[in-house]
Amino acid sequence: MSLTPTEIWSRLLDRARLELPEQTFRTWLEPTEALAVDGDTIVVAAPDRFAADWNESKHSQYLASLAPVTLGHPINIVFRVDEERRSRPQMDLFVAPAPEPAAPAAPGGLVSGVQLSARYTFRNFVVGKSNELAAAAAQAVAAAPGKIYNPLFIYGQTGLGKTHLMQAVAHEILGRASQTRVCFVGTEQFTNEMVASIRKGSTPDFRRRYRESDLLLVDDVHFLKGKEATQEEFFHTFNALYEAGRQIILTSDRPPSEIPGLEARLVSRFQWGMVADIEQPDLEHRIAILQNKARLDHLELTIPDEVIRFIAEHVRSSVRELEGSVIRLLAYASLKHREVTVELAREALRDKLRLDGDGDSTDPVTLSVATIQQAVAREFGVTAEGLRSKSRTKQLTVPRQVAMYLIRDLMGLQLVEIGSAFGGRDHSTVIHSLEKVERSLVSDPRFAKRVTQLHEILGRLRE
Ligand code: ADP
Ligand code: MG
């Protein structure tokens with residue numbers, strides 16, 4: 001008895017749901033629907049072009065690899081755009097505020113709030129693994145504002161390019177339609193303007209300004225935490241724009257559901273469109289960013305490749321830090337009238353290098369808790385200090401668990417000792433971490449490869 005397309009697809013999805021990050025599953029796979037099976041190919045509908053392309057390039061191979069086990073035979077997966085069924089989350093109950101009295105339309109192209117930075121364009125944005133989803137989503141939004149992903153919510157640690165990307169969308173749209181009314185505002189500025197307008201009795205003007213924009217960019221919405229009046233106002237602004245089909249882009253240092261004290265109705269609205277994260281760039285990506293930076297600035301002093309590589313290897317915390325390192329290195333070189341060499345970079349960037357935990361790279365390396373923490377931190381693009389800290393962000397949790405696992409495995413420390421090497425965590429946390437790593441080693445081949453490599457390299461230090 002053969003399975004229907006829907007049955008085949010849900011078997012694959014049920015399995016994928018167990019393995020993929022929840023956000024990925026919800027964003028990309030949940031809104032799909034099996035259309036037909038044609039020979040050994042299943043055709044699956046995605047709600048729009050972007051989702052179809054993304055699924056095709058990121059998920060079809062993976063899903064196909066599940067087929068032999070879940071279905072008993074291999075299958076190819078092809079994604080199509082479903083023209084009929086443009087899925088869009090339902091609005092939850094709310095009553096839109098009465099429209100403001102009609103006002104003369106603001107002149108087009110008006111950029112309210114802070115000016116856009118001319119440098120923050122797509123052309124100047126280097127795409128790599130860590131930001132490809134956010135970049136692709138931003139491109140898609142720029143191509144069809146208000147149509148595909150509304151809002152676009154970009155989150156990630158500071159200095160990784162959120163503001164750059166959101167402004168790139170504005171540049172792109174303005175370049176095509178210069179009459180577009182763009183509003184770019186930081187959350188704190190939004191709050192301040194709102195408070196001032198209440199004081200001056202000019203709230204209608206304030207509202208009009210934001211509610212009449214075609215494209216609203218609100219930077220750093222994590223600052224909405226605990227600001228109830230601002231949240232209320234923002235909620236209505238959001239609704240007014242959304243209902244009118246205007247594009248909204250938001251940035252934050254964490255996903256909507258993790259912003260403490262953010263009202264549930266805002267959390268849910270922020271998740272309506274696309275939530276995309278930006279992570280730390282890996283080494284290759286850092287090199288590409290530095291090369292791009294060198295090209296852009298028409299630097300009089302050229303930076304030799306080995307110096308670029310040196311900076312990329314040692315400055316890992318953010319793109320902003322990378323840029324800062326170049327600026328500082330060049331200033332130092334011109335002050336001292338010296339050539340740009342690795343030696344000079346080491347001197348000029350001494351403080352930054354030490355901050356990144358690399359000051360001791362000339363010391364003989366032996367296997368110790370600190371060495372393991374450093375090696376793991378470097379592999380995952382975080383700091384050893386972060387691993388020992390109390391912070392429980394996703395970026396730190398996984399490498400921390402890996403470091404615990406490797407310490408246990410390579411050094412055989414007691415659970416309590418391991419806990420205390422990570423900021424005094426208790427032994428049950430350590431057990432949980434070790435179990436988590438063991439499970440992932442089985443279920444995630446890429447993760448397993450990373451951990452095995454670390455294990456091998458560190459293992460050599462044992463002799
Ligand atoms: P965030 O808003 O996430 O704190 P920004 O957008 O302000 O970060 O970026 C910090 C700096 O790094 C900016 O100068 C920006 O141009 C640069 N930058 C960030 N990511 C990239 C990238 N992928 N390519 C080129 N420059 C980048
Ligand atoms: Mg920013």
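Read the numbers this way: they start at 1 and go in the same order the structure lists the ligands and their atoms. Residue indices begin at 1 and follow the sequence shown.
- In terms of the salt bridge (charged side-chain N to carboxylate O under 4.0 Å, His left out) criterion, R388 has no residue partners (sequence neighbours excluded).
- Side-chain contact check for E188 versus K227: some heavy-atom pair is nearer than 4.5 Å.
- In summary, K129 and E284 do not engage in a salt bridge, as defined by a charged side-chain N under 4.0 Å from a carboxylate O.
- For the residue pair D214 and T180, no side-chain donor N or O sits within less than 3.5 Å of a side-chain acceptor on the partner.
- Classification of the W28-W54 ring pair by plane angle, with boundaries at 30° and 60°, yields parallel.
- Counting heavy atoms from C-beta outward, Y155 and D253 have side chains that stay 4.5 Å or more apart.
- Within the protein, the number of N/O/S atoms found under 2.8 Å from the Mg ion (ligand 2) is 1.
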Walk me through whether R338 and E347 qualify under salt bridge (charged side-chain N to carboxylate O under 4.0 Å, His left out).
CA-CA 12 Å; R338 281 172 57 189; E347 231 176 276; 3.2 Å; yes
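- With sequence neighbours left out, S325 forms a side chain to side chain contact (heavy atoms under 4.5 Å, CB included) with I311, V315, L349, K352.
- Within 4.0 Å of ligand 1, contacts by protein heavy atoms are made from R119, Y120, N124, F125, V126, N131, Q157, T158, G159, L160, G161, K162, T163, H164, V319, R320, E323.
- Ion pairing of E30 with R17 is present here, as a side-chain N (NZ or NE/NH1/NH2) and a carboxylate O approach within less than 4.0 Å.
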